[in-house]
Amino acid sequence: MQENLKLIDLIIELVDARIPMASRNPDIDELGKGKSRIVLLNKSDLADMAWNKAWMQHFEDKGIFALEVNSKSGSGIKSINALVQKACAEKIERDRKRGILNRPVRAMVVGIPNVGKSTFINSFAGKACTKTGNKPGVTKGKQWIRLNKNLELLDTPGILWPKFEDNLVGMHLAFIGSMNDEIIIMEELACDLLESLENLYPGAVEARYGISGGEPGSAGMAGKLEEIARSRRCFLKGEALDLKKAADLLVDDFRCGRLGRMTLERPESPQTIN
Ligand code: GDP
């Protein structure tokens with residue numbers, strides 16, 4: 001990625017709008033020094049609308065242009081071209097002063113696995129895009145997608161690895177499904193999720209499953225999971241509750257937005273990581 005960074009003017013960084021901190025690798029700030037930057041709050045359809053706005057403001061306050069998008073439906077994608085021009089205004093002006101006219105901005109998409117990079121590139125580049133590789137003036141072996149006369153995109157996105165060292169980061173990545181579920185104890189993850197949601201969206205879980213919610217506090221989360229199991233008739237043979245099934249169901253409902261649009265991290269609050 002460091003090699004590819006030398007070829008580009010603009011970094012388009014995708015983050016997950018539900019966890020804009022945990023889904024970033026802060027190294028990109030150092031790696032991307034001197035480049036124009038855009039952060040896209042992807043999967044914004046699954047995140048809380050008010051917090052999407054607050055996060056956009058947060059990035060803009062840091063001097064990074066930001067936009068909320070839904071790469072799956074294409075919503076927000078059309079506004080990107082104008083933002084690219086804004087983010088690269090200095091470069092375009094520099095070129096103009098040197099007499100270089102109409103040199104397209106070169107951009108690279110970066111983000112952690114599963115954040116939606118391929119979906120975004122397909123949606124942004126669309127079907128009409130033409131690949132322009134191995135041409136004079138184009139670095140050999142690199143494939144560029146010419147989006148329009150002003151913009152070319154490197155066709156392979158840069159993968160950033162998340163920083164798992166912080167427990168809360170790991171937990172948030174697991175909630176949205178960006179960790180391997182096979183190494184996760186689902187019942188534990190479900191209880192952690194119930195606790196987070198009780199703090200951030202009180203009543204949402206109770207409303208979804210028609211349960212009373214059990215004891216307040218972390219000790220009550222196992223009880224809450226049992227209530228979900230009962231309400232959704234998750235039973236093993238006999239009367240025993242199938243808590244693994246209930247946990248899978250809850251986590252899947254959260255990941256797909258069936259509990260409502262939810263944002264787990266808030267800018268400049270004690271919840272914020274980094
Ligand atoms: P990549 O690993 O970063 O290339 O991620 P993918 O493009 O493979 O996307 C991962 C998953 O997220 C897929 O199931 C996509 O359909 C889904 N996805 C991508 N963008 C969005 C979005 O804006 N909203 C929603 N709801 N799902 C999305």
Side-chain angles (χ1 to χ4, degrees), residues 1 4-5 8 10-28 31-32 37-56 59 65-81 83 107-127 129 131 143-145 147 153-164 169-170 172-184 193 197 201 204 208 248 250-265:
M1 179 150 104
N4 284 339
L5 279 171
I8 56 148
L10 169 73
I11 297 175
I12 301 177
E13 182 189 358
L14 260 68
V15 301
D16 189 302
R18 294 166 294 176
I19 53 166
M21 279 300 178
S23 61
R24 298 190 78 206
N25 179 325
D27 292 345
I28 195 66
L31 285 167
R37 305 275 301 276
I38 291 179
V39 165
L40 297 178
L41 293 167
N42 194 40
K43 309 198 187 185
S44 62
D45 54 305
L46 299 174
D48 198 317
M49 281 187 267
W51 288 109
N52 285 344
K53 298 274 172 289
W55 275 108
M56 296 228 304
F59 285 112
F65 291 90
L67 195 66
E68 45 184 298
V69 296
N70 172 352
S71 296
K72 227 168 145 178
S73 75
S75 145
I77 302 288
K78 278 207 184 94
S79 314
I80 297 174
N81 280 314
L83 200 65
M108 178 164 76
V109 174
V110 305
I112 66 164
N114 206 38
V115 75
K117 295 177 295 301
S118 322
T119 311
F120 167 73
I121 291 175
N122 282 338
S123 169
F124 189 37
K127 291 192 189 80
C129 71
K131 291 207 170 165
Q143 292 282 315
W144 295 87
I145 304 167
L147 280 131
L153 201 66
L154 197 59
D155 83 333
T156 38
I159 298 175
L160 291 171
W161 294 100
K163 298 230 158 193
F164 296 109
V169 170
H172 285 183
L173 289 164
F175 288 164
I176 65 158
S178 282
M179 292 249 267
N180 185 352
D181 280 347
E182 279 163 29
I183 59 161
I184 290 169
L193 179 61
L197 297 184
Y201 294 96
R208 165 90 191 159
D248 284 343
L250 168 77
V251 170
D252 190 57
D253 279 350
F254 169 76
R255 288 176 182 170
C256 296
R258 287 188 289 265
L259 292 169
R261 299 174 63 142
M262 291 173 166
T263 301
L264 300 180
E265 295 168 5

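Just so it is clear, the structure is predicted and the values come from calculations on it, not from any experiment. Read the numbers this way: they start at 1 and go in the same order the structure lists the ligands and their atoms.
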>> Looking at atom 13 (C) of ligand 1, tell me if a protein heavy atom falls under 4.0 Å from it.
In response: no
> Purely on distance, is any nitrogen or oxygen of T119 under 3.5 Å from one on ligand 1?
Replying inline: yes
> Got an N/O contact under 3.5 Å between V69 and ligand 1?
Replying inline: no
>> Do S118 and S71 make a side-chain contact, defined as non-hydrogen atoms from C-beta onward lying under 4.5 Å apart?
In response: no
> Can you tell me which residue and heavy atom of the protein come closest to atom 22 (C) of ligand 1, and the distance to 0.1 Å?
Replying inline: N70 OD1, 3.4 Å
>> What protein heavy atom lies closest to atom 2 (O) of ligand 1? Include the residue and the distance to one decimal.
In response: N114 N, 2.8 Å
>> Quick one, I19 with L173, criterion side chain to side chain contact (heavy atoms under 4.5 Å, CB included). Give me CA distance, side-chain angles, the key distance, then yes/no.
In response: CA-CA 8 Å; I19 53 166; L173 289 164; 4.0 Å; yes
> Taking heavy atoms and a distance under 4.0 Å, where does L14 meet ligand 1: side chain, backbone, both or neither?
Replying inline: neither
> Does the side chain of L5 reach to within under 4.5 Å of the side chain of I11, using non-hydrogen atoms?
Replying inline: yes
> Nearest protein heavy-atom contact for atom 21 (C) of ligand 1: which residue, which atom, what distance?
Replying inline: K43 CG, 3.6 Å
> Quick one: nearest non-hydrogen protein atom to atom 20 (N) of ligand 1, plus distance?
Replying inline: N42 ND2, 3.2 Å
> Going by the atom numbers of ligand 1, which of them fall below 4.0 Å from some non-hydrogen atom of L46?
Replying inline: 26 (N)
>> What I want to find out is whether K72 reaches D45 closely enough, with some N-O distance under 4.0 Å, to be called a salt bridge.
In response: no
>> For atom 26 (N) of ligand 1, what's the nearest protein heavy-atom neighbour? Residue, atom name and distance, please.
In response: D45 OD2, 2.8 Å
> What residue and atom, counting heavy atoms only, is the protein's closest point to atom 4 (O) of ligand 1, and at what distance?
Replying inline: S118 OG, 2.6 Å
>> What protein heavy atom lies closest to atom 27 (N) of ligand 1? Include the residue and the distance to one decimal.
In response: K72 CD, 3.3 Å
> Just how far is it from atom CE of M49 to atom OG1 of T263, taken to the nearest 0.5 Å?
Replying inline: 10.5 Å
>> Run D48 and Y201 through side chain to side chain contact (heavy atoms under 4.5 Å, CB included) and show every step you take.
In response: CA-CA 11 Å; D48 198 317; Y201 294 96; 2.6 Å; yes
> Looking at atom 23 (O) of ligand 1, what's its closest protein heavy atom, distance included?
Replying inline: S71 N, 2.9 Å
> Do protein heavy atoms approach atom 9 (O) of ligand 1 to less than 4.0 Å?
Replying inline: yes
> Do I12 and F120 have side-chain heavy atoms sitting under 4.5 Å apart?
Replying inline: yes
> Roughly how far apart are L264 CG and I176 CD1, rounded to 0.5 Å?
Replying inline: 9.0 Å
> Any idea which heavy atoms bring V169 and K163 closest together, and the distance?
Replying inline: CG1-O, 3.0 Å
